[in-house]
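To start, the structure itself, in structure tokens.
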Number of protein chains: 2
Amino acid sequence: MKELFQPNKDQLNLTTILCALGDPIRLNIVKQLSDMGEITCSGVGSVLPRPALSHHFKVLRESGIIHVRIEGKQRFLSIRYNDLEKRFPGLLETILKCV
Amino acid sequence: MKELFQPNKDQLNLTTILCALGDPIRLNIVKQLSDMGEITCSGVGSVLPRPALSHHFKVLRESGIIHVRIEGKQRFLSIRYNDLEKRFPGLLETILKCV
DNA sequence: TCAATAGTTCAACAACTATTGAACTATTTG
DNA sequence: CAAATAGTTCAATAGTTGTTGAACTATTGA
């Protein structure tokens, strides 16, 4: 069970987050997570091959936008709403409304 | 008096805008513009050499975040508040509050 | 234990981004 | 017209990002 780097909530950085969301594929992933709650990696709808998606998951995780919960052979992705909201109130909600 | 490309308000693209703001230098420029209204290029506080700043101005202008008004030998930069607000309500305000 | 499943990591590569000094354009002022 | 000013464009370069197939790791189930 490997450790995954995920910044804690006071390490969240605004430009890092905006940069992570400034990509159509990642913004779409976040939108899906926002609509559907937790999703497994393969549950994310995209035509991209796995490694490319894996790359985007990593960017989202390391920016602090998503949390990854490992359960068995699956990884469940979800948005870190509470942490984001505390650090950057209204940010994610406002951005997602614009999608 | 050369024409400058600036997208019109229905061409504004969310990921393009987030990407433009997902850079500390550009976010800082936008913050200054938000605090001080119109500023000339050389009025923007930064240690970067001119061509580097010029590059960032271009990214901000082409993403539709700023407007450039040429007057004499100076260029006045300002945020396109109305256009941004119409297309992406609350977006810029929320982001700038997070800075 | 072996095969299947879920996902990551690796290596290679192309495309893009940021930075720099030098050269350029346009405008104003003497 | 020449010099100064404000800013951009160019060319070179270094570094980053995104994509891909192949190889890998970890877990589950037969």
Side-chain angles (χ1 to χ4, degrees), chain A residues 1-7 13-30 32-33 36-78, chain B residues 1-7 13-30 32-33 36-78:
Chain A
M1 187 88 80
K2 212 172 69 179
E3 286 295 313
L4 291 179
F5 172 70
Q6 336 206 57
N13 176 270
L14 181 59
T15 50
T16 306
I17 286 173
L18 294 177
C19 195
L21 294 175
D23 173 282
I25 290 160
R26 290 194 291 265
L27 189 58
N28 180 265
I29 293 170
V30 172
Q32 291 183 51
L33 290 171
M36 308 167 55
E38 244 185 1
I39 319 184
T40 61
C41 294
S42 50
V44 168
S46 172
V47 292
L48 277 188
R50 309 263 86 236
L53 273 181
S54 208
H55 160 70
H56 290 299
F57 296 150
K58 189 182 181 195
V59 173
L60 288 171
R61 175 172 49 78
E62 294 187 340
S63 73
I65 296 171
I66 67 171
H67 175 256
V68 180
R69 179 172 69 83
I70 302 182
E71 188 185 308
K73 46 183 167 175
Q74 295 182 101
R75 283 157 187 238
F76 290 86
L77 313 178
S78 59
Chain B
M1 187 87 82
K2 211 171 69 179
E3 285 297 311
L4 292 178
F5 171 72
Q6 337 207 54
N13 176 269
L14 181 59
T15 51
T16 307
I17 287 173
L18 294 176
C19 195
L21 295 175
D23 173 282
I25 292 161
R26 289 194 291 264
L27 189 58
N28 179 266
I29 294 170
V30 172
Q32 291 184 50
L33 289 172
M36 309 165 59
E38 244 185 2
I39 317 183
T40 62
C41 294
S42 50
V44 168
S46 172
V47 292
L48 277 187
R50 308 264 85 237
L53 273 182
S54 208
H55 160 70
H56 290 298
F57 296 150
K58 189 182 180 193
V59 173
L60 289 171
R61 175 173 48 78
E62 294 187 340
S63 73
I65 296 171
I66 67 171
H67 175 256
V68 180
R69 179 171 69 83
I70 302 181
E71 187 185 309
K73 45 184 167 172
Q74 294 184 99
R75 282 156 189 241
F76 290 86
L77 312 179
S78 59

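Computation of the quantities below employed the complete heavy-atom set of this structure, encompassing side-chain atoms and omitting hydrogens, waters and symmetry-equivalent molecules. Numbered from 1 within each chain, the chains take letters A, B, ... in sequence-line order.
At whole-Å resolution of the value, CG in A:Asp23 and C1' in C:dA15 are 14 Å apart. Regarding B:Gln74, its CD atom lies at a distance of 10 Å from the P atom of C:dT29, rounded to whole Å. Between the CD1 atom of B:Ile70 and the P atom of C:dT28 there is a distance of 11 Å, rounded to whole Å. In this entry the distance linking CZ of B:Arg75 with C1' of D:dT5 reads 13 Å, nearest Å. Here the P atom of nucleotide C:dT17 and the CG atom of B:Leu60 are 14 Å apart, to the nearest Å. As a whole-Å value, the separation of A:Asn28 CG from D:dG18 C1' is 16 Å. Distance A:His55 NE2 to C:dC16 P: 15 Å, rounded to the nearest Å. Protein atom CD of A:Glu62 is 13 Å distant from nucleotide atom C1' of C:dT8, rounded to whole Å.
Taking every side-chain heavy atom of B:Pro49 into account, C:dT20 is the closest of C:dA6, C:dT20, C:dT8. Of the candidate nucleotides D:dG7, C:dA18, D:dT20, D:dG7 has the atom lying nearest to any side-chain atom of B:Cys41. Residue B:Phe57 has its side chain nearest to D:dT8 when only C:dT8, C:dT20, D:dT8 are considered.
When each of A:Gly72 and B:Thr40 is assigned the nucleotide of DNA chain D with its nearest heavy atom, B:Thr40 is the one assigned upstream, toward the 5' end. Between A:Lys73 and A:Lys58, the residue anchored closer to the 5' end of DNA chain C is A:Lys73, taking for each the nucleotide with the nearest heavy atom. Each of B:His56 and A:Leu77 lies near DNA chain C, and the nucleotide nearest A:Leu77 is the one positioned closer to the 5' end.
Considering A:Ile66, A:Ile65, A:Leu53 in turn, A:Leu53 is the only one that fulfils the side chain to side chain contact (heavy atoms under 4.5 Å, CB included) rule with A:Ile29.
Put simply, the side chain of B:Gln32 gets close to the backbone of B:Gly45: a donor and an acceptor are under 3.5 Å apart. Not a single donor-acceptor pair under 3.5 Å links the side chain of A:Ser54 to the backbone N or O of A:Arg50. Looking only at distances, no side-chain donor or acceptor of A:Arg69 sits under 3.5 Å from a matching main-chain atom of A:Leu77.
Here the straight-line distance linking atom CG of A:Leu60 with atom CG of A:Leu33 works out to 8.0 Å at 0.5 Å rounding.
Across all strands shown, A:Leu53 has no heavy atoms under 4.0 Å from either base or sugar-phosphate atoms. In this structure, B:Arg26 reaches the sugar-phosphate backbone alone: every heavy-atom distance under 4.0 Å involves primed, P, OP1 or OP2 atoms, never a base. At the heavy-atom level, B:Ser42 lies under 4.0 Å from the strands shown only through sugar-phosphate atoms. Counting non-hydrogen atoms under 4.0 angstrom, A:Pro51 reaches a base of the nucleic acid.
Remark: D:dT28 base-pairs with C:dA3. Criterion, Watson-Crick or G-U wobble with two distances under 3.5 Å.
Put simply, A:Arg50 has no side-chain N or O that comes within less than 4.0 Å of OP1 or OP2 on C:dT8.
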